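Atoms considered below: every heavy atom in the structure, side chains included; atoms not considered: hydrogens, waters and symmetry mates. Please read all numbers here as calculations on a predicted model, not as lab measurements.
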Amino acid sequence: MAANAIFQNVSLFSSSSPLLATNTQKVPTFKISPPSQKPPIIHSLKQICRQGNFKESFFTLSNLIAHEHTSQKCLYEAYSLLLEICASEKALLQGQQIHARVLKLGLSRDDSVFLNTKVIFMYGKSGSIGDAEKVFDRMIERTIFTWNAMICACVVNGVPVRALELYGNMRFMGVSLDAHTLSSTLKATSQLEFLNCGSEMHGVAIKLGLISNIFVVNSLVTMYTKCNDIRAATLLFNGMSEKEDTVSWNSMISAYAINGMNQEALSLFTEMLNASVEPTTYTFVAAVQACEETQFGNFGIEIHAVVLKLGYSLDTYVVNALLMMYIKNNKLDEAAKIFFHMQEKDYISWNSMISGYVQSGLYDEAINLFHEMKNVGHKPDHVSVMSMLVASGRQGNLLNGMEIHAFSLRNGLDSDLQVGNTLVDMYAKCGKLDYMDSLFDRMLHRDNVSWTTIIAAYAQNNFPWKAMQLFRKVQEEGNNVDALMIGSVLLALTELRCNLLAKEIHCYVIKRGIYDPVIQKTLVSVYGDCGNVDYANSIFRLSEVKDVVSFTSMMCSYVQNGLANEALGLMLYMNEMGIEADLVAVLSMLTAAADLSSLRKGKEIHGLLVRKGLLLRDSIRSSLIDMYASCGTLENSYKVFNYLKSKDTVCWTSMINACGLHGCGRKAIDIFRRMEKENIHPDHITFLAVLRACSHAALIEDGKRIFRIMQSKYALEPWSEHYACLVDLLGRANHLEEAFQIVKTMNLEDIPAVWCALLGACQVYSNKELGEIAAKKLLELEPKNPGNYVLVSNVYAATNRWEYVEEVRVTMKGKGLKKDPACSWIEVGDKVHTFVAQDKSHPECDKIYEKLAHLTEKLEKEAGYVAQTKYVLHNVEEKEKIKLLKGHSERLAIAYGLLASTVSLSIIKAFDLLSCLCFQFQLASDYIQQKIAKHPLCCCFWHFITSKSESGQRFAISSTKHVAGFGSFLGLRKMGYHFPDKFATG
């Protein structure tokens, strides 16, 4: 109550109580009416107090004091009644004045105990626990009511420990306990969550015969629920002989809802209605809160109907609960209807609706509602401001975020810790790290959320080292580190890809005891990103809890590190455990199938997507197109693409890339034109795919034209990868000088991909001079890339400069660099078989070499086949070169495919140098009773389709060739597009 406003024209006393002498606040006084011979005819003071008319009560008291015949007994009763109304209105100043008059009355001992008890009760309700304590301590004699009033004051004012101390003193002094004593003390126990203490009081209640008292039972139920002993609370509630008190039902329903036992809460609510117990506001609030989970949304609608039927639709508390229920059930339209029909909206109403809009991504609606809130006179609080900052951050709307920041400064909300943390997050999401850093430095108080927010901000904005420095600072200052902060640190490690730091954090979380399942899953991903698959696998295998996230993290680690076969094996293990794959897991499977060119696995995953209804997801559609293209079946990529009714930029780009991968440059350009006609704006990745397609199809003029319109028509500034692609395009057409001029004039000397493309072209066209420049620059820019050394070595070997080859290899060995061995693999049935050059590890090794020898001999005798030893870039004798060719990984894979007579479809994918296989296959088609037709594609794929195998079954072989100089691949790979990870470099 605003006491000053009520009593500005009324005074009662001019002096204050000695107890309150330290209170410097000016106490308003009551104006005393002039004495009259007869008291005015007024309503009974007791009746006025019952009506709750605070102002009139004190007018009446003024008249009583002014009347000379007013007895002490009358004043005694008046003070008692006024102390009660001061307590109910929490009118501390007026209560203090009444207390001063009580001290002057000179009451008897019994009357003094009674009124002092009333004073303690008043002080407790008015929030002045210190004054209540002083009165209590000065009382020589106390009754059970005095003790109860003091215990209640401690509970109400958040001093539960003192309440328990008073309870202990009562027990020690032998003061009799009653139901109110136990009820108040049990509330203190609930606040402290002291289960043992509460159980002891339960025993006392039974001993004193108070267990049947409804107040005690309700307090016991609440105590057990607050102490997370739902079983005891349920037993106690079910054991009640009479359940007519609404509070008992409310306590139990609320307990179930708070502890997430929503089904039990709603069942009890139904039972309550069936028992004809009338629900109250608290009943509906608890029941509606139990319906906030989606699965109980329909029940919530039924409760809404009951609310309307029983006339609670105007109750603000109930309506707010319904509002939150609809928001959390993603029924924002229903929530909006309720909100805009509310006659009285409080802060909870406004904040709930604003938060609902933000959570649903309707940021403009949230901003409009925030301004409407201000316009109708509701001053936004810190919750409103936080919601608006979240909306601004997610929108990336810096201007709006700064406006809200200014509002918080004007209204003193910026000092709120939660608002400060949200401001830091908002500036981070808007990319203003300097603003964020300045704000963080000015924060007077910081908690774990503050540090976690700024560490995550730097990690997400590609400043991982800064994130690690801040984490070190947290450790140095001795601040607490929790699992959320470690999650942000691990995010930074994902960018750093530093094994040593990953191991350090791994040890740290184990030592600190925060090695929970979430951190385990994150560590699997971190080690995978760092290339440490063994550690990732160890953590995965030792994890007690394996869910779809665990499997997905491990599969992604396998795929990123070129272990696609292991990733698909993990998929089978996941199926055996009955774990259903989610969207991310399926994407990892598709990538693995594409890496292996495993068409059969790809089709199986496609079928899974159809069954799960995931085909409409944008990321899935583009991944399917990429997968079929990587498996050599461009026609299936077309089918998926044409099936789509709506195509976004990623889908168009994937189809362009698929055509380019198969050498269909003209088709890729046609699709690009169709994309333009449908007003789909191409992005940087789209132009990379088109330029790459032009490069493979030797469409030089088209490539140049597309490069120009990228800048002129779409105002896209080329990336380094685009220039690398242009250089690759010119290099393939032997326009080496023009390519070199582009490198020099466009300041591309520091881009390794450009020199890689140029060097590959120099090898093909034997340009020694330019090759020397490109080789030197490439090794200078990337001295730790083994593939570069191999490429340079091959350039020298192609021109028989063996002394330079040896020098490069010695340098490579001295730096401890090692190139991954080239390999080829073939899918036979459900298994993928991998071969490297001269491989003898396969179980059917002898049969494979025997089949290969038989085929080679037949080709030499009957087809005039001669080994093309010029492709063997080793300084050895001619016979040794022929021997090396015979052990080529592609040959071994093909031989095994011919042996596997039960195979219905086989696809060979090679990561090895291309020898003379194309010529060999053309010859072999006439001599192994199979028709092998060369598809007129570019150098990326050859398709060899056979009519009959030796067992009379159809199968297909697809061989993939990789040529050095694909600098344009690098940007696409970074953006998540699938391309082969290795190129043939000898």
For residues 551-569, the salt bridge (charged side-chain N to carboxylate O under 4.0 Å, His left out) pairs (sequence neighbours left out) are none
Is the backbone of I539 close enough, under 3.5 Å, to the side chain of S543 for a donor and an acceptor to pair up by distance? yes
Return yes if some donor-acceptor pair links the side-chain N/O of R497 with the main-chain N/O of D529 below 3.5 Å, else return no. yes
Residue pair T494, S525: steps toward the side chain to side chain contact (heavy atoms under 4.5 Å, CB included) verdict: CA-CA 8 Å; T494 302; S525 297; 5.8 Å; no
Between F687 and H722, does the ring centroid distance fall short of 6.0 Å? no
Check I700 against A733 and note the closest heavy-atom contact, atom names and distance. CD1-CB, 2.7 Å
Of all residues at least two apart in sequence or in a different chain, which pass the side-chain hydrogen bond (donor to acceptor under 3.5 Å, both in side chains) check with S550? D547
With sequence neighbours excluded, give me every side chain to side chain donor-acceptor pair (under 3.5 Å) pair touching residues 455-464. D437-Y458
Test side chain to side chain contact (heavy atoms under 4.5 Å, CB included) on R621 and L624; report intermediate values, then the result. CA-CA 5 Å; R621 298 183 298 184; L624 272 173; 5.9 Å; no
Could you check if a side-chain atom of N532 sits within less than 4.5 angstrom of a side-chain atom of D534, using non-hydrogen atoms only? yes
Pairing donors with acceptors under 3.5 angstrom, does anything connect the side chains of T453 and D425? no
Going through the distances and angles, do R692 and L661 end up as a side chain to side chain contact (heavy atoms under 4.5 Å, CB included)? CA-CA 8 Å; R692 176 182 170 275; L661 191 65; 2.8 Å; yes
Measure from the side-chain N and O atoms of S637 to the backbone N and O of A629, and report whether any donor-acceptor pair falls under 3.5 Å. yes
Has K546 got its NZ or CZ under 6.0 Å from the middle of the six-membered ring of F540, at an angle within 45 degrees of the ring axis? yes
Quick one: does any side-chain atom of T649 pair with a main-chain N or O of P682 as donor and acceptor, under 3.5 Å? no
Between D683 (side chain) and I685 (backbone), is there a donor-acceptor pair under 3.5 Å? yes
Residue K647 excluded, over 12 heavy atoms near NZ under 6.0 Å: yes
Could you give the distance from SG (C725) to CG (L730), rounded to the nearest 0.5 Å? 10.5 Å
If I take atom CG from residue L570 and atom CG from residue N565, how far apart are they, to the nearest 0.5 angstrom? 12.0 Å
For the residue pair Y363 and V390, establish whether any side-chain heavy-atom pair is separated by less than 4.5 Å. no
Does atom OH (Y638) have a neighbourhood of more than 12 heavy atoms from anything else shown, all under 6.0 Å? yes
Decide, yes or no, whether a salt bridge links K612 with E580 under the criterion of side-chain N to carboxylate O below 4.0 Å. yes
Does CG belonging to D333 count more than 12 external heavy atoms closer than 6.0 Å? no
Identify, with sequence neighbours excluded, every residue that meets side-chain hydrogen bond (donor to acceptor under 3.5 Å, both in side chains) alongside E676. K713, Y714
Is any side-chain N of the basic residue among D670 and K667 closer than 4.0 Å to the acidic one's carboxylate O? no
Candidates I742, V743, D728, L759 - the one meeting side-chain contact (heavy atoms from CB on, under 4.5 Å) with V754: V743
To the nearest 0.5 Å, what is the distance between OG on S712 and CZ on F707? 11.0 Å
Under the side-chain hydrogen bond (donor to acceptor under 3.5 Å, both in side chains) test, residues paired with H606 that sit two or more places apart: Y628
Of all heavy-atom pairs between N400 and S392, which one has the smallest distance, and what is that distance? ND2-OG, 2.8 Å
Is it true that a side-chain atom of S598 and a backbone atom of A593 form a donor plus acceptor pair closer than 3.5 Å? no
For A567 against V559, the heavy-atom pair lying closest together: CB-CG2, 3.8 Å
Option from T686, V690, I671 for which side-chain contact (heavy atoms from CB on, under 4.5 Å) with T653 holds: T686
D702 and R673: which non-hydrogen atoms are nearest, and at how many Å? OD1-NH2, 4.4 Å
Mind checking whether D648 and I680 have side chains closer than 4.5 Å, heavy atoms only? no
When rounded to the nearest 0.5 angstrom, what is the spacing between CG in L634 and CD1 in I625? 10.5 Å
Do Q395 and D364 come close enough that some side-chain heavy atom pair is under 4.5 Å? yes
With the side chain counted from C-beta on, respond yes when V545 and Q520 share a heavy-atom pair under 4.5 Å apart, and no when they do not. no
Does any non-hydrogen side-chain atom of Y527 lie less than 4.5 Å from one of N499? yes
How close do E782 and P752 get, heavy atom to heavy atom, and via which atoms? CD-CB, 3.5 Å
Would you say the side chain of T591 lies within less than 4.5 Å of the side chain of M555, judging by non-hydrogen atoms? no
To the nearest 0.5 Å, how far apart are OG in S622 and CE in M627? 12.0 Å
Taking G787's backbone N and O only, do any of them form a donor-acceptor pair with N785's side chain (distance below 3.5 Å, no angle check)? yes
Which heavy-atom pair separates V524 from A536 by the least distance, and what is that distance? O-CB, 3.6 Å
Between W652 and F641, how do the two ring planes meet: parallel, tilted or perpendicular, split at 30° and 60°? perpendicular
Residue set satisfying side-chain hydrogen bond (donor to acceptor under 3.5 Å, both in side chains) with D750, at least two apart, ordered chain then number -> none
In this structure, OG of S588 is separated from CG of L583 (nearest 0.5 Å) by 9.5 Å
Is H684 reaching over with its side chain to a backbone N or O of E717, donor-acceptor style, under 3.5 angstrom? yes
Polar side-chain atom of N537 near backbone of V533 as donor-acceptor pair, under 3.5 Å: no
Heavy-atom side-chain contact between I669 and C694 under 4.5 Å: yes
